Novice: 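Please see the structure below; I have some questions.
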Amino acid sequence: MTRVMTFLTRRRGGKGWHWTDIVTWVWLIGGLVIMFGPAVWLVGSSFKTPAGLAEFPPTILPYATEEVTVEGYDEPLPLFEVTLEDGSTAILAEARRIGLVAQMIDPNDPGEPVPVNINDRSPVRELSFEIDNYTEPFVHFDFLQYLYNSVFVTVMATIITLVVNSMAAFALSKYKFTGRNLVMFLILATLMVPLSVILVPLYSVVSALGLFNSLWGVILPTVATPTGVFLLRQYMLTIPDELIDAARMDKASEWQIYWRIILPLTAPALAVLAIFSVVWRWNDFLWPLIVLSRKELYTLQVGLNVYAGELNVQWHFILAMTVVTMIPVVLVFVFLQRFITTGIAGAGLK
Amino acid sequence: MSAISDIGDKTGAALAASVKWAAGIIDPPLRWLQKKAGFNGMAAFFLAPNMLIFGIFILVPMVINFAYSMTGGGALFLPDRVFVGGDQYGRLLTCSDYSRPITCTEDQFWIAVRNTAIFVVVQVGLMIVLALTTALVLNKSLRARSFWRAVFFFPVLLSPVVVGLIWRWILQRQGLLNYILFQFGIEPTVWLTDRFWAFVAAVGVSIWAHMGFYALILLAGLQAIPKDLYEAAEMDGTRPARVFWRITLPLLGPNLLVVLVLALIRAVQIFDEVFVLTGGGPGTSTLFITQYIYEIGFASVLRNPGLAAAASILMGAVLVVLTLIQLGVGRRKDPKEAAK
């Protein structure tokens, strides 16, 4: 394609633009705005005060009106740039406002207030990050607990997933035993049945085991992923059996073979599965929503949804907590993108 | 900074040491087990944990789902439930006029089915066209291609709750979209409380969130097409449009089919981001099947687990058919693709 393009553009003489180049750049710039824009808008908004959020027209970055403490007034007063009657401009603080007329005073020389029409002034604004949006939900609401629950679920589920899936994959790739095909078939069959199809019976099984309203009830149903077993098995099949035979001659136990030979050699596939498992478990929503009904057990996703569903949505807190919920996934994305793209392009993981 | 990484290294080393120690300490009992069971007997040991969890939390629920779908009442555990045979299916499938959901016994189910059907067709159709265009654009010789790939892929990893909330914030009355439209002199609309626009938003937001995933698979497919075909076309002076229809599209065919079926499977189960975005509303305009199952099985006051199980089996049947097609297509192309 590239060569065809160079060839075609060359024929048009020098660096002429073909219509596909224009489409390409329109698509890329449009994509940048549409795909990245909403996230940038979210992060910018999350640092605004409730007043800043209600502002129209909105700004991307969080601005707030500058304030100043003036002698004789208890509260800090907002600053405005005022066009005076003689045409000059001055920075004045607003003492009070009645209708269209504001009483303004000079903060450096607080004397008699000057009446100013509010159309003749504009607020002095500065960049200001409202950090309280982030600290308040942790201190005064339960978000610290939710964060802890999410981290616990993600870490535990990922560790168990790696251990049990790699053990099963080892058995299914390096041993010949009766029933191996049956096991493979069962795992293959469940690929067709996502969690959303077995919600009701799974709920009853989890309740019967006493795991309702328990973080383990969230973790355990997700760890025996058929996808993980498949991915690891495919990778282990490429490890030569001679290595295992040689280890057996040297009197290594089967456990040592798994632990000292197979696992280290499977590291790249384990890394891919670990990354995906972290993202999957961190993002899980429907199942935790069903299993967890007590507030102190909510994961970030469930807690965030509950808070956002309340009648009196406090957007400044919700937006900040949405950013917090996004952070681990963004970090994974920034640092481990290579693993993710190979995982998807190579094995169709999601 | 170096102090932090030092602490990281130390905890990492300590963690690795303790894991090594744990692995070493269970070796002697496992050696004894191996003596009793033999080499191949150890396969059972390695399979056991996964199969145990798999059996309890996937296989058993799959089987008893059928039993649930044939019982009635509000009791949770199967032994306490009343056998009703095919009544739940009958209730779901009875309509006096199948073109009008309102005449059905379970009108909510039919509304959800109709909504899901429209959603699947529109969302999958649009998304594949957009993903293919994106893949073609990214396949050109671009500077900083990995950056541009990241731009389109990035929303895929975001959680459905984050996606839903970002867009609720943008689509609200005083939101960004209304402001942008206002600049062009268009009257503000409350997007998510309008039946039509809420559905459009559900389709658009789910495309925004998932398109990059399919673009990535298609891009991998494009890069696998042998370069000499294009060189041959270049020698013959073939027009780009002809190159696309005669080389790119036919050779990308298997990938496109995999992507199509994957997208269909996921669109049928659409739930979380729409649930956060609209809650199924306004009214029932964005009510989809998974949400129907969730409502009737768990959230509604008139909980009916049997009905929810029956509905989920009907949805499962559709998914099984789609997956079989996908496995058939995937097997023919590349066994690795069949892994999900």
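Here is the naming used below: chain letters follow the sequence lines, and residue numbers restart at 1 for every chain. All of these numbers come straight from a predicted model, not from anything done at the bench.
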Novice: Measuring only between side-chain heavy atoms, which start at C-beta, is B:Phe54 closer than 4.5 Å to A:Val164?
Specialist: no
Novice: Determine whether A:Ser207 and B:Phe77 make a side-chain contact, defined as any pair of heavy atoms from C-beta on separated by less than 4.5 Å.
Specialist: yes
Novice: Give the member of A:Ser166, A:Ala169, A:Ala168 that has the highest number of heavy-atom pairs under 4.5 Å with chain B.
Specialist: A:Ala168
Novice: Can you name the closest pair of heavy atoms from B:Gln34 and A:Glu254 and give their distance?
Specialist: OE1-N, 2.8 Å
Novice: Using non-hydrogen atoms only, which part of A:Phe333 is less than 4.5 Å away from chain B: side chain, backbone, both, or neither?
Specialist: both
Novice: Would you say the side chain of A:Tyr258 lies within less than 4.5 Å of the side chain of B:Leu30, judging by non-hydrogen atoms?
Specialist: no
Novice: Given a strict heavy-atom distance threshold of 4.5 Å, which part of A:Lys174 is in contact with chain B: side chain, backbone, both, or neither?
Specialist: neither
Novice: Can you see which heavy atom on A:Phe177 is nearest to which on B:Leu47, and at what distance?
Specialist: CZ-CD1, 3.5 Å
Novice: Working to the nearest 0.5 angstrom, can you tell me the gap between B:Ser159 OG and A:Leu304 CG?
Specialist: 7.5 Å
Novice: Using side-chain heavy atoms (C-beta onward) and a distance below 4.5 Å, is B:Asn50 in contact with A:Met167?
Specialist: no
Novice: Measure A:Leu211 against the heavy atoms of chain B and call it side chain, backbone, both or neither at under 4.5 Å.
Specialist: side chain
Novice: I need the B:Ile53 CD1 to A:Ile160 CD1 distance, nearest 0.5 Å.
Specialist: 6.5 Å
Novice: For A:Trp41, does its backbone N or O pair with a side-chain atom of B:Trp169 as donor and acceptor, under 3.5 Å?
Specialist: no
Novice: Rounded to the nearest 0.5 Å, what's the gap from CG on B:Leu157 to CZ on A:Phe276? Could you check?
Specialist: 7.5 Å
Novice: How far apart are the closest heavy atoms of B:Ala43 and A:Ala171, and which atoms are they?
Specialist: O-CB, 3.5 Å
Novice: Where do B:Trp148 and A:Leu28 come nearest, in terms of heavy atoms and distance?
Specialist: CZ3-O, 3.3 Å
Novice: So which part of A:Ile187 gets closer than 4.5 Å to some heavy atom of chain B, the side chain, the backbone, both or neither?
Specialist: both
Novice: Checking B:Asn65 side chain against A:Val200 main chain: does a donor-acceptor pair fall under 3.5 Å?
Specialist: no
Novice: Please examine the side chains of A:Pro38 and B:Trp167, heavy atoms only from C-beta on, and report whether any two atoms are closer than 4.5 Å.
Specialist: yes
Novice: Pick one of side chain, backbone, both or neither for A:Arg233, based on which atoms fall under 4.5 Å of a heavy atom in chain B.
Specialist: neither
Novice: Check whether the side chains of A:Ser204 and B:Tyr68 place a donor and an acceptor atom closer than 3.5 Å, and report yes or no.
Specialist: yes
Novice: Taking side chain as everything from C-beta outward and backbone as N, CA, C, O, which of these in A:Trp27 sits under 4.5 Å from a heavy atom of chain B? Side chain, backbone, both or neither.
Specialist: both
Novice: Between B:Pro160 and A:Asn283, is there a side-chain heavy-atom distance shorter than 4.5 Å?
Specialist: yes
Novice: Heavy-atom distances under 4.5 Å only: say whether A:Val229 touches chain B with side chain, backbone, both or neither.
Specialist: side chain
Novice: Under a 4.5 Å heavy-atom cut-off, does chain B meet the side chain of A:Trp255, its backbone, both or neither?
Specialist: both
Novice: Report which part of A:Leu172 has an atom under 4.5 Å of a heavy atom belonging to chain B: side chain, backbone, both, or neither.
Specialist: side chain
Novice: Minimum heavy-atom separation for A:Leu286 and B:Asp272, please, with both atom names.
Specialist: N-OD2, 4.3 Å
Novice: For B:Phe57 and A:Ile198, which heavy atoms make the closest approach, and how far apart are they?
Specialist: O-CD1, 3.9 Å
Novice: Which region of A:Leu195, side chain (C-beta onward) or backbone (N, CA, C, O), has a non-hydrogen atom less than 4.5 Å from a non-hydrogen atom of chain B, or is it both or neither?
Specialist: neither
Novice: Looking at side-chain heavy atoms only, is the closest gap between A:Ser253 and B:Asp27 below 4.5 Å?
Specialist: yes
Novice: How long is the span from the OG1 atom in A:Thr325 to the CG atom in B:Leu158, to the nearest 0.5 Å?
Specialist: 10.5 Å
Novice: I'd like to know which of B:Met42, B:Gln183, B:Gln269 tops the heavy-atom pair count under 4.5 Å against chain A.
Specialist: B:Gln269
